[in-house]
Amino acid sequence: MSKILIIEDEAAIRRVLTKILSEENDTYQVEEAEDGLAGLEKIKNNDYDLVLCDIKMPKMDGVEVLEAVKKIKPEIPMVMISGHGDMETAINTMRLGAFDYISKPPDLNRLLNTVRNALDKKQLVVENKFLKKKVSKNYEMIGESDAINHIKVMIEKVAQTEARVLITGPNGTGKELVAHQLHEKSERANFPLIEVNCAAIPSELIESELFGHVKGAFTSAVKDRAGKFEAADKGTIFLDEIGDMSLSAQAKVLRALQESMITRVGADKDIKVDVRVVAATNKDLKVEIAEGRFREDLYHRLAVILIKVPGLNERRDDIPMLIAHFAEKIALEQGNAVKKFSSAAIHLLQDYDWTGNIRELRNVVERLIILGGNEISENDVKLFASK
């Protein structure tokens with residue numbers, strides 16, 4: 001059922017609107033409020049999918065109601081009801097966040113179309129929030145060890161700033177989880193997070209991938225193409241394995257950080273970009289600098305904040321939580337019941353040498369779930385999780 005609130009001080013108009021909506025669709029649950037104050041109180045105490053609100057009312061006018069609702073429940077679409085003398089005000093309410101406005105007396109088709117469109121928008125907002133939560137859960141940081149709690153505190157402090165972050169740590173430790181958390185908790189969360197694996201892109205193509213190119217810049221450049229920095233505008237770009245980037249590309253990244261400008265390969269026109277850069281590497285960049293493979297000036301631009309992600313052997317206390325998390329996730333993916341791990345099996349897994357870190361643990365948990373018994377035993381671990 002779609003729950004709709006009508007805030008209107010004229011009883012006759014309230015009755016007409018309620019009758020029209022109720023007769024149009026039996027899934028519309030319509031409630032009424034006789035003035036702005038009463039309407040705002042209902043909004044505070046109930047969840048509505050749509051509010052129709054008159055502009056001129058005693059006690060509290062429609063503009064004040066709109067401004068208050070946008071602060072407490074911004075996801076609710078507001079449709080303003082305006083008399084002929086209120087048209088300029090009605091148009092101004094659109095700037096304040098109103099979905100639309102309808103004139104008195106309401107035109108039947110316009111009213112119903114506006115209501116349908118507003119409810120569709122609300123549904124899209126709800127679905128988008130659900131999908132974002134689902135994606136966010138995929139990048140949840142599991143663990144309560146001191147090392148992981150320290151990282152979580154760092155993320156909370158740093159995410160809301162514009163500071164660049166360099167994430168270090170061995171392969172398979174979950175550096176990308178830190179990058180996602182930094183983005184999702186930032187002011188840029190409603191804009192893209194663009195990920196680039198610098199190690200996976202051939203050195204001759206990395207500049208085109210990052211900065212784009214113009215038609216004819218090289219043999220296969222058959223049309224203009226935007227790069228990852230442009231795609232990440234107003235959002236975040238995550239440069240994973242930045243230690244593998246060519247020196248030529250490093251120079252261009254440095255310029256992008258210094259001037260917030262990039263140039264497509266083969267072009268002479270600069271493009272302004274507003275991008276927060278988060279980088280990650282499994283290499284010791286100070287060693288890379290000493291050996292001439294990484295620019296020191298770029299390192300200092302990137303490493304405003306350093307976050308080191310520990311290997312799994314440094315956070316063994318988190319292994320039981322990680323096993324439970326992966327067991328639940330794998331069961332969901334396979335459509336099976338969640339298998340439990342015996343205490344002995346968990347203790348044995350905690351004693352392993354996890355050179356492949358969390359990525360290796362996840363693979364071992366999946367193997368045990370497939371090959372082990374209804375409850376994963378110590379014997380299952382000895383048989384199927386051998387290194």
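These figures come from a predicted structure and were not determined experimentally. Positions are given from 1 along the sequence.
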Subject >> Cluster companions of Leu21 among Ile, Leu, Val, Met, Phe, Trp, Tyr (side-chain spacing under 4.5 Å) >> reply: Ile4, Ile6, Ile13, Val16, Leu17, Ile20, Tyr28, Val30, Leu50, Leu52, Val79, Ile81, Phe99, Ile102, Leu108, Leu111, Leu112, Val115, Leu119
Subject >> Hydrophobic cluster (4.5 angstrom, side-chain heavy atoms) - remaining members for Met1 >> reply: none
Indicate if [X] and [Y] have the same hydrophobic cluster label, given that clusters are the connected sets of ILVMFWY residues with side-chain heavy-atom separations under 4.5 angstrom.
X: Leu205; Y: Ile262; value: yes
X: Ile237; Y: Met245; value: yes
X: Leu368; Y: Leu312; value: yes

**OP:** Go through the steps for Tyr101 and Ile91 under the test side-chain contact (heavy atoms from CB on, under 4.5 Å), then give the verdict.
**Re:** CA-CA 8 Å; Tyr101 62 87; Ile91 293 167; 3.8 Å; yes
Side chains of [X] and [Y] in contact at under 4.5 Å (non-hydrogen atoms):
X: Arg225; Y: Ser208; value: yes
X: Glu41; Y: Leu37; value: no
X: Leu40; Y: Ile72; value: yes
X: Ile358; Y: Asp318; value: no
X: Leu166; Y: Ile305; value: no

Subject >> Test log, rule side-chain contact (heavy atoms from CB on, under 4.5 Å), inputs Ser248 and Glu207 >> reply: CA-CA 8 Å; Ser248 172; Glu207 291 181 41; 2.4 Å; yes
[X], [atom1]: over 12 other non-hydrogen atoms inside 6.0 angstrom:
X: Lys286; atom1: NZ; answer: no
X: Asp47; atom1: CG; answer: no
X: Asn374; atom1: CG; answer: no

Under a 4.0 Å N-O cut-off, is there an ion pair linking [X] with [Y]?
X: Arg359; Y: Glu176; value: no
X: Glu23; Y: Lys19; value: yes
X: Lys329; Y: Glu140; value: no
X: Lys283; Y: Asp244; value: yes
X: Glu156; Y: Lys185; value: yes

Original post:
What do you reckon, are the aromatic ring centroids of Phe211 and Phe229 less than 6.0 Å apart?
Top reply: yes
**OP:** Step by step, work out the salt bridge (Lys or Arg N to Asp or Glu O under 4.0 Å) result for Glu31 and Lys42.
**Re:** CA-CA 9 Å; Glu31 295 184 12; Lys42 279 179 171 283; 3.8 Å; yes
**OP:** Go through Met78 and Thr93 one step at a time and tell me if the side-chain contact (heavy atoms from CB on, under 4.5 Å) criterion holds.
**Re:** CA-CA 10 Å; Met78 298 273 294; Thr93 61; over 6 Å; no
